Asker: 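First the structure, then my questions, so here it is.
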Amino acid sequence: MPLIVQKFGGTSVADSQKILAAARKAVRAQQAGNQVVVVVSAMGKNTDMLVDLASEICEHPPAREMDMLLSTGEQVSVALMAMAIHSLGHQAVSLTGAQIGIRTDSTHTKARIQSISTERMQASLDAGQIVIAAGFQGIDENFNITTLGRGGSDTSAVSLAAVLNADACEIYTDVDGVYTTDPRLLPEARQVHQVSYDEMLELASLGAGVMHSRSIEFAKKFGVPIHVRNSASDAPGTVIGPLPEASGRVVSGAALTKNEARVTIADVPDRPGVSLAVFAQLANRAIPVDMIVQNVGAEGRANISFTVLESELEQTIQALEEVLSEFGGAHLSSDSSVSKVSVVGLGMAEQTGVADKMFRALADAGVNILMITTSEIKISCLVASSQAQTALAAVHRAFMLHEEPADLIGVAEHQSAPRADAADVVARLQGLEDLAVDGISLDASQARVTIDRVPDHPGIAAEVFEGVSSAGVFVDMIVQSDGSDGHTSLSFTVPGEDLDQAVQAAEKLCQAMSAERVSSDAQVAKLSVSGIGLRSHTGVAIRMFEALSAEGINIELINTSEVCVNVIVAGGKGDRALAALEAAFADVRR
Ligand code: ADP
Ligand code: ASP
Ligand code: MG
């Protein structure tokens, strides 16, 4: 019999009427011939209220007790949902994370799922019951209650769908589906009808709060099709799945993250092991780092910039001051209240003109770009928080995201995952959240160009990349590092055969913009590690830096995304770097 997982978020179970409405959807799905598992979140703003309550009592509540407290929200919802189904004359059983057997590690408040047992759920389903599962929670090996991080019920739902080999995973929420950007931030945002796992992964991690980003990692890893729908209507929703590469759209969405802070360590010695020392120091303190940008140094010096949560800035600076003395002459600067505006789209990988369009839109809106980082399918720009809203609106318009795309493929049919055999299902129960690296690659065909010390003002990135692209050159990686002393550096990579043209264009721009100089490297090696969970597994970039540093290989440029970490090293060192990375990630290769 087909099996459906339906997840109802907080607003969709905010009061008794909404719980009854959700119960009716579950009953309807069962009557249509499905086995049904319902995953629920805490009612309304219950989790927020519990968080506030804890902070009134204690400035830094112990994480274990926080989980004990927060998990109660979902326990209320499952009981009420089961009662609602009974009241409709159907059978249901509510289960907590512990009762299901959702085993996690012991990282309270952001636990990772290790395994899920299916026996109890399957027995109840086979007995004709609707299973009501508490989202967001699990249990560690010592029976401590854990939670998966805010918004984690999506991850509960998708992981249950994965282990139960569900035919569909429906996420019911308070909007009609996934939009081109958060419709609360920008009313002209439009719903998209389908989006690929990779795009959604980037969007979710770049601020599209509609889905917990780890849930998309699961979905991609286990091929679970997700259907995001409005719990208050029968609107068709958005399908998140493995889409064909040619979806027609160059950019499918834009996103904003607020509350970040930028940290720059300027003038660090440009030698192997420096990035490792910096990021290992932060990893030791469990400070998650977001956008990492390292730019080529002049005269043996380099700049490393990255962002952390604004709330962790103080701790970050303290941690860095301890290692700073190892890099004679390096100095630290920081900037709180910055926001990251990003555009995401599969089409970007093949099309030129996306980057300069984004930079032009920001320039025309008077927004200064503080940092840039790119991946194959996204471009992120860091801007002052005071300009975040303007930046998002400008970029959204520039890519015509407010308009219905002409090539709309139509509402996707539910794609059913092929039913797996028993052995396959058992295999899914192991190592659910393990890191999975599916590609390590070397591209030795590119060259690097750097424009050093450009006076920092709105419009420089637009001028540079319009200049380069009008010379007919396809730009791959773009890195703009910090301009804290009023200057910034822009580096980018181009196909080796286009180097002369790119340098000529850069020289012209360098003069026009009174930048200091253009440097280039005719052959660089780009190494990419791609896979799932690269960002939420904080050690990945570090493992990469460690492997390269152990080989004595210096990193010239870095940029990171949710699905890929890219570094540029000197051309002659590509093969050795590739071998080092293959060895370093051998245990997690798929
Ligand atoms: P739930 O409680 O159902 O899990 P959430 O509040 O976690 O709901 O997620 C839904 C919200 O996500 C929407 O109300 C919307 O404001 C926000 N959101 C952010 N980015 C997007 C986006 N790209 N598309 C749709 N909604 C988005
Ligand atoms: N109730 C939890 C939260 O508010 C989990 C969830 O809703 O997904 O974060
Ligand atoms: Mg949510």
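Please read all numbers here as calculations on a predicted model, not as lab measurements. In each ligand, atom 1 is the first atom listed, and ligand 1 is the first ligand listed.
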Asker: Are any of the N/O atoms on R184, whether in the backbone or the side chain, positioned under 3.5 angstrom from an N/O atom of ligand 1?
Answerer: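 N/O-N/O distance under 3.5 Å: yes.
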Asker: Please determine if R285 and E312 form a salt bridge, counting it only when a charged side-chain N lies under 4.0 Å from a carboxylate O.
Answerer: no
Asker: Between D176 and R229, does any NZ, NE, NH1 or NH2 come within less than 4.0 Å of an OD or OE carboxylate oxygen?
Answerer: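 The answer is no: the pair does not qualify as a salt bridge.
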Asker: Of the non-hydrogen atoms in G152 and L148, which two are nearest, and what is the gap between them?
Answerer: O-CD1, 3.8 Å
Asker: Can you tell me if G209 contacts ligand 1 (heavy atom of the residue under 4.0 Å from the ligand)?
Answerer: yes
Asker: Answer yes when E260 and K340 have at least one side-chain N-carboxylate O distance shorter than 4.0 Å, and no when they do not.
Answerer: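 Salt bridge between E260 and K340, a charged N being under 4.0 Å from a carboxylate O: yes.
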Asker: Of the protein's non-hydrogen atoms, which lies at the shortest distance from atom 4 (O) of ligand 2, and what is that distance?
Answerer: R150 NH2, 2.9 Å
Asker: Mind checking whether G177 has a heavy atom under 4.0 Å from ligand 1?
Answerer: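 Right, G177 reaches ligand 1.
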Asker: Check this for me - ligand 1, A208, N or O atoms closer than 3.5 angstrom, yes or no?
Answerer: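 By distance alone, the answer is no.
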Asker: Yes or no: does P183 have any heavy atom under 4.0 Å from an atom of ligand 1?
Answerer: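 Yes, that is the case, since the closest heavy atom of the residue is under 4.0 Å from the ligand.
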Asker: With respect to K7, determine whether any N or O atom, backbone or side chain, lies less than 3.5 Å from an N or O atom of ligand 2.
Answerer: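 The answer is no, given that K7 and ligand 2 share no N or O pair closer than 3.5 Å.
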Asker: Which bit of E74 gets closer than 4.0 Å to ligand 2, counting heavy atoms only: side chain, backbone, both or neither?
Answerer: side chain
Asker: With a cutoff of 4.0 Å, is G152 in contact with ligand 2, counting heavy atoms of the residue only?
Answerer: yes
Asker: Pick out which of T118, I4, V131, V224 makes a side-chain contact (heavy atoms from CB on, under 4.5 Å) with L164.
Answerer: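 Going through T118, I4, V131, V224 one by one, the side-chain contact (heavy atoms from CB on, under 4.5 Å) with L164 is satisfied by T118 alone.
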Asker: Within the structure, does D182 bring an N/O atom to less than 3.5 angstrom of an N/O atom in ligand 1?
Answerer: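 N/O-N/O distance below 3.5 Å exists for this pair.
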Asker: Run the salt-bridge test on K110 and D67 with the 4.0 Å N-O cut-off and return the result as yes or no.
Answerer: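 Answer for the salt bridge query: no.
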Asker: Out of G10, G73, S153, indicate the one that has the non-hydrogen atom closest to atom 6 (C) of ligand 2.
Answerer: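 It is S153 whose heavy atom sits nearest to atom 6 (C) of ligand 2.
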Asker: For D438, is there an ion pair with K221 - N to carboxylate O distance below 4.0 angstrom?
Answerer: no
Asker: Can you find an N/O atom of T47 closer than 3.5 Å to an N/O atom of ligand 2?
Answerer: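 T47 vs ligand 2: N/O contact under 3.5 Å present.
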Asker: Would you mind checking if D154 and R214 are paired as a salt bridge, meaning a charged N to carboxylate O distance below 4.0 Å?
Answerer: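 Answer for the salt bridge query: no.
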Asker: Between the side chains of D140 and R64, is the shortest nitrogen-to-carboxylate-oxygen separation below 4.0 Å, so that they form an ion pair?
Answerer: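 Salt bridge flag = no for D140 with R64.
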Asker: Side chain or backbone, does G151 bring an N or O within less than 3.5 Å of an N or O on ligand 2?
Answerer: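 Yes.
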Asker: Mind checking whether T181 contacts ligand 1 via backbone (N, CA, C, O), side chain (CB onward), both or neither, at a 4.0 Å heavy-atom cut-off?
Answerer: backbone
Asker: So for K7, does at least one of its heavy atoms come nearer than 4.0 angstrom to any atom of ligand 1?
Answerer: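 Yes, K7 has a heavy atom closer than 4.0 Å to ligand 1.
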Asker: Using heavy-atom distances only, which candidate in D176, V344, D174 approaches atom 13 (C) of ligand 1 most closely?
Answerer: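 Nearest heavy atom to atom 13 (C) of ligand 1 lies in D174.
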Asker: Just to verify, which of L186, L185, V383 counts as forming a side-chain contact (heavy atoms from CB on, under 4.5 Å) with L256?
Answerer: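 Passing option: L185.
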